[in-house]
Amino acid sequence: MINFDSLPKERPTQTIPAGHYAATVGSAEMKASKDPTKPNYLSVRLDIVDINGNKLGGVFDIFTESEASLQRYKLQRFITALNLNIPSFELSDLTKIVVGKRLEVDLKIEQQEGYAPRTVVDATTNEIYYPFEDYPFDAYDSADETPNSESESSDEY
């Protein structure tokens, strides 16, 4: 029997602590912006594990065809970290080749007024994405399955 009074009154937050982690690209799909004046974007789910191979959940990141220098740099770091040798491509091409690939990523906690804290890719502190072979251990020795929980995040562009 479940005692109603023992149930939590507030929604729990599930954040991954800020830091440097190993990740596998769990999914990659093109999505339409809610704003019809903006182009489609690539939504990527990264399945995160810690240094002990513990599955921590998933974090979403988005890539756009933007001329903004940070967006272009972030895309370049992602492609470089995955060791993709593709001189010219459409964002939608990445959906076919990145799923299942491993890399490293910097994460941070984002706080927005009126919302629960959430884990996001840290695009402003260090190099953002790194090749997996640079990781100091095989994070996947004990992580035998893809994480099934996802950090609360919005794919909204």
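- The OG1 atom of Thr15 sits 12.0 Å away from the CD atom of Glu110 when rounded to the nearest 0.5 Å.
- The shortest side-chain heavy-atom distance between Phe132 and Thr24 does not fall under the 4.5 Å cut-off.
- Under a 4.5 Å side-chain heavy-atom criterion applied to ILVMFWY residues, the cluster that includes Leu7 comprises Ile2, Phe4 as well.
- Side-chain contact between Asp61 and Phe63 is present, with at least one heavy-atom pair separated by less than 4.5 Å.
- With hydrogens and angles disregarded, no donor-acceptor distance shorter than 3.5 Å links the side chain of Asn52 to the backbone of Asn54.
- Taking the side chain as every heavy atom from C-beta outward, Leu82 and Ile79 never approach each other to under 4.5 Å.
- To the nearest 0.5 angstrom, Asp93 atom CG is 10.5 Å from Leu42 atom CG.
- Counting heavy atoms of neighbouring residues, nucleotides and ligands inside a 6.0 Å radius, atom NZ of Lys101 does not exceed 12 of them.
- Using modelled atom types, one finds no donor on one side chain facing an acceptor on the other under 3.5 Å when comparing Gln76 with Tyr129.
- Within the 4.5 Å cutoff, the side chain of Val44 has heavy atoms near those of the Phe78 side chain.
- Side-chain contact check for Thr124 versus Asp122: some heavy-atom pair is nearer than 4.5 Å.
- From Phe60, atom CZ reaches atom CG of Leu46 across 9.0 Å, with rounding to the nearest 0.5 Å.
- The existence of a salt bridge linking Arg45 and Asp47 is confirmed by a sub-4.0 Å separation between a basic side-chain nitrogen and an acidic carboxylate oxygen.
- Within the 4.5 Å cutoff, the side chain of Leu84 has heavy atoms near those of the Leu94 side chain.
- Between Leu103 atom CG and Arg77 atom CZ the span is 10.0 Å, to the nearest 0.5 Å.
- Between Val121 and Leu107 the shortest side-chain heavy-atom distance falls below 4.5 Å.
- At a threshold of 4.5 Å between non-hydrogen side-chain atoms, the residues Tyr21 and Asp50 count as touching.
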